[in-house]
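See below for the structure under consideration.
Order of the sequence lines sets the chain letters (A, B, ...), proteins ahead of strands, with each chain counted from 1. The analysis underlying the following values was restricted to heavy atoms, covering all of them including side chains, and did not include hydrogens, waters or symmetry mates.
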There are 2 protein chains.
Amino acid sequence: METKYNIVKQAIMSKILDGTIRPNQKISSETELMNEFNVSRHTVRLAIGDLVTRGWLYRTQGAGTFCADRLHNESNTNSDSAKTIAIITTYISDYIFPSIIRGAEAYLSENGYHVTLFSTNNNHDDERKFLEKVISRQFDGVIVEPTRSAFSNPNIKYYLNLERLKIPYLMINAYYDELEPISLTMDDEKGGFLQTEHLIKQGHRNIVGFFKTDDIQGTKRMKGYLKAHRTYEVPLNPNHIITYNTAEKKDKPTEELRKLLAKNNQDTPTAIVCYNDELAINLLDVIRGMGLKVPDNISIVGYDDSFLSNVSEVKLTTVEHPKSEMGKAAGKVIIDLIKDKNKAEGKIESIVYEPKLIVRNSTKELKE
Amino acid sequence: METKYNIVKQAIMSKILDGTIRPNQKISSETELMNEFNVSRHTVRLAIGDLVTRGWLYRTQGAGTFCADRLHNESNTNSDSAKTIAIITTYISDYIFPSIIRGAEAYLSENGYHVTLFSTNNNHDDERKFLEKVISRQFDGVIVEPTRSAFSNPNIKYYLNLERLKIPYLMINAYYDELEPISLTMDDEKGGFLQTEHLIKQGHRNIVGFFKTDDIQGTKRMKGYLKAHRTYEVPLNPNHIITYNTAEKKDKPTEELRKLLAKNNQDTPTAIVCYNDELAINLLDVIRGMGLKVPDNISIVGYDDSFLSNVSEVKLTTVEHPKSEMGKAAGKVIIDLIKDKNKAEGKIESIVYEPKLIVRNSTKELKE
DNA sequence: ATGGTCAACTTATCCGTACAAAAAATACGA
DNA sequence: TCGTATTTTTTGTACGGATAAGTTGACCAT
């Protein structure tokens, strides 16, 4: 329902929830809002009136309209209601996320917490929507898997407001650089390094790398890929770095690989470093379709050690990802943060998981 | 304060309080009130709007304004508090469940509901624990994927209690026979029939069936498998029905298949009907390991049309499962149930999805 | 009977205007 | 500098008009 008064209402709500308007601070006058949103005063009053009855604002004739202070006093002491943790993730159903969620759910459930799920579909607007819910519904803690972490995040204010309101949160898989939050991540750069190093040590010199670059993981893995080339003094062909984003992930990498394998010149790669197993499986299909064999004609390395790595006739060489252990750890850390909320904060620190290469049979020594 | 809208408000309140207007009875329309009190429509709406937010009246566009039934509803006045749906599932992370959850989460989220997840790990004790939480925490609705649905359920009482407390619930994928709840399921018997029929029509006569029999789906699919044999008058080898339960799923089916393929007598099957794609992929590995080819040496049919069916070099012939559409439908039905809670229950009925065979290249005409 | 169409009615949203009442900001005089 | 009066700003009440959108029931054709 995109009614005008709803737009105004949402805009005001956002400012309350992201902390732009603090409790007891005056909001814009009705006239100012009229001009700002180009609506009539009646519409502004509808919006404000609704927020007043819901308890977000209060009005004083002659003085103005003010932000209510519902976050501090009120009924926060409902010790009866279960503690609830929000998990905000990009894609609930995709790939390794279910495993991470499972690990977190299992641990939190055992410890008397509930888990409420939100899926952003890699969309900053949805992320904002959910952060607003988390703040206004008083969740006890939030586990966030960042949305498009390689880009600057328009919702930073909301995270800062979480801190102001002492709602603990942590990030998994990646984190927004501006925030330096408590986070559970892999050393993705080293992961990318291990993938590439393995191939170099097997004699490969033409290694194409595919990286999804709208999240931090992809850019770090790419960094590791570059570093491996430098370390072993393997010259790098600029055409052998393929980057793509989430929207392109279905078609671009497969098309690019088709081109690379088709042109059949010196550039033709003998090995592929993949952003993750999912991509590796997709590329595997392309390779099959062109009548080539893995690992005989070409080697391929995945990432994450997901179920996908064992599912095909070719068992993928890949990099281990903690998955459900990471979920479990996230549950543990968030509970620690909640318990320590009022006490001395300290000790609780980010965890960086060391990547480990798992060698299977999608890679093979290159014979001249 | 003798403002005009206050006069109108008081007049309406009086009628409510002295019983002139009974619950759910329509009050005068805005136009009538305008004339009656000689005020503008705006003033009438102010008065009514106030009474609506206080919970004395409710409005329905097109129909009119009605007296609320405060005695029955009560706590519902808290319009700001989030509605929350609990999803109780066996395994959050496994296989097609993430897709179902995703569909439900997306729909419910769009409609302003939260989704809280519980995973029973196919354990009745955990199911009970979560049902207790759901009842005591006053969730607004529950979506249940039954745990060990083929067996009698020790938690029936809890479900009956849900009904008594008017907490809507529905079941997906399967249901406990004793309850006859609203449910969203596939016609699994027909699904099993389609799998088997397809192979029979391709000339196969030695078809081994693998069925997980601790849930209803497995037993129904097996029923369909048997029915297909009877319908097409194909004699059935009793050794060609392999049943297993969740605990055995890792090892028993693969071992049994190894035995069947090893003994190399007349019994050797030429085709396999699988409980689901996950099993099919596991069996595929066994077949590969024994140096056989799919579909040249042996045909195999999966079930669910999951991502697994497209992931290997052999693209599985399988049976379509609605997955995320089922999740979405579950969200829709549970919301309908919540909204209809106080009104006339009817209309809302279980959905049975028709299975459809998807033919890929894991099955092949049998040549003599 | 059954189902579909349409008109009448009702609430929902939105605009404009005007004046009243309260508070805050400013001007002014002692 | 301080207290008071005045002006300005801001919310509160109230009127008018217009179009949109949902509900209902009567009517009509099948």
Indicate whether OP1 or OP2 belonging to [N] is found under 4.0 Å from a side-chain N or O atom of [X].
{"X": "B/R45", "N": "C/dT11", "value": "no"}
{"X": "A/R59", "N": "D/dG12", "value": "yes"}
{"X": "A/T43", "N": "C/dC15", "value": "yes"}
{"X": "B/T65", "N": "C/dT11", "value": "yes"}
{"X": "A/K26", "N": "C/dA24", "value": "no"}

Rounded distance (Å) that lies between atom [atom2] of [N] and atom [atom1] of [X]:
{"X": "B/Y5", "N": "D/dT11", "atom1": "OH", "atom2": "P", "result": "16 Å"}
{"X": "A/F66", "N": "D/dT10", "atom1": "CZ", "atom2": "P", "result": "11 Å"}
{"X": "A/F37", "N": "C/dC15", "atom1": "CZ", "atom2": "P", "result": "13 Å"}
{"X": "B/M34", "N": "C/dT10", "atom1": "CE", "atom2": "P", "result": "12 Å"}
{"X": "B/N6", "N": "D/dG12", "atom1": "CG", "atom2": "P", "result": "14 Å"}
{"X": "A/D50", "N": "C/dT13", "atom1": "CG", "atom2": "C1'", "result": "13 Å"}
{"X": "A/Q61", "N": "D/dG12", "atom1": "CD", "atom2": "P", "result": "6 Å"}
{"X": "A/L46", "N": "D/dT13", "atom1": "CG", "atom2": "P", "result": "14 Å"}

*asked:* Which is more 5' along DNA chain C, the nucleotide nearest A/S40 or the one nearest B/E30? Just name the residue.
replied: B/E30
*For B/E32 and for A/N38, find the nucleotide of DNA chain C with the closest heavy atom, then tell me which residue's nucleotide is more 5'.*
B/E32
*Checking all strands, does A/T60 fall into the base, sugar-phosphate, or nothing category for heavy-atom contacts under 4.0 angstrom?*
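Here A/T60 touches the backbone only, sparing every base.
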*Mind telling me whether A/Y176 and A/Y159 have parallel, tilted or perpendicular rings, with 30° and 60° as the class edges?*
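The arrangement is tilted - the two ring planes meet at 30° to 60°.
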*Check the angle between the aromatic planes of B/F139 and A/H114 and answer parallel, tilted or perpendicular using the 30° and 60° thresholds.*
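Correct class here is tilted.
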*Give a yes or no on whether A/K250 atom NZ has more than 12 heavy-atom contacts from other residues, nucleotides or ligands under 6.0 Å away.*
no
_5' precedence on DNA chain D between B/V44 and A/I48 (nearest-nucleotide basis)_ = A/I48
*Specify the residue among A/H42 and A/S28 whose closest nucleotide of DNA chain D lies further upstream toward the 5′ end.*
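It is A/S28, whose closest nucleotide lies nearer the 5' terminus.
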*Out of curiosity, A/I167 CD1 to A/L162 CG, how far, rounded to the nearest 0.5 Å?*
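Reported value, rounded in 0.5 Å steps: 5.5 Å.
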*Point-to-point distance, once rounded to the nearest 0.5 Å, from CD of A/E127 to OG1 of A/T90*: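 If we round to the nearest 0.5 Å, A/E127:CD and A/T90:OG1 are 10.0 Å apart.
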*Assess whether one donor atom and one acceptor atom, taken from the side chain of B/R41 and the base of C/dA12, lie less than 3.5 Å apart.*
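Under the 3.5 Å cut-off, the side chain and the base do form a donor-acceptor pair.
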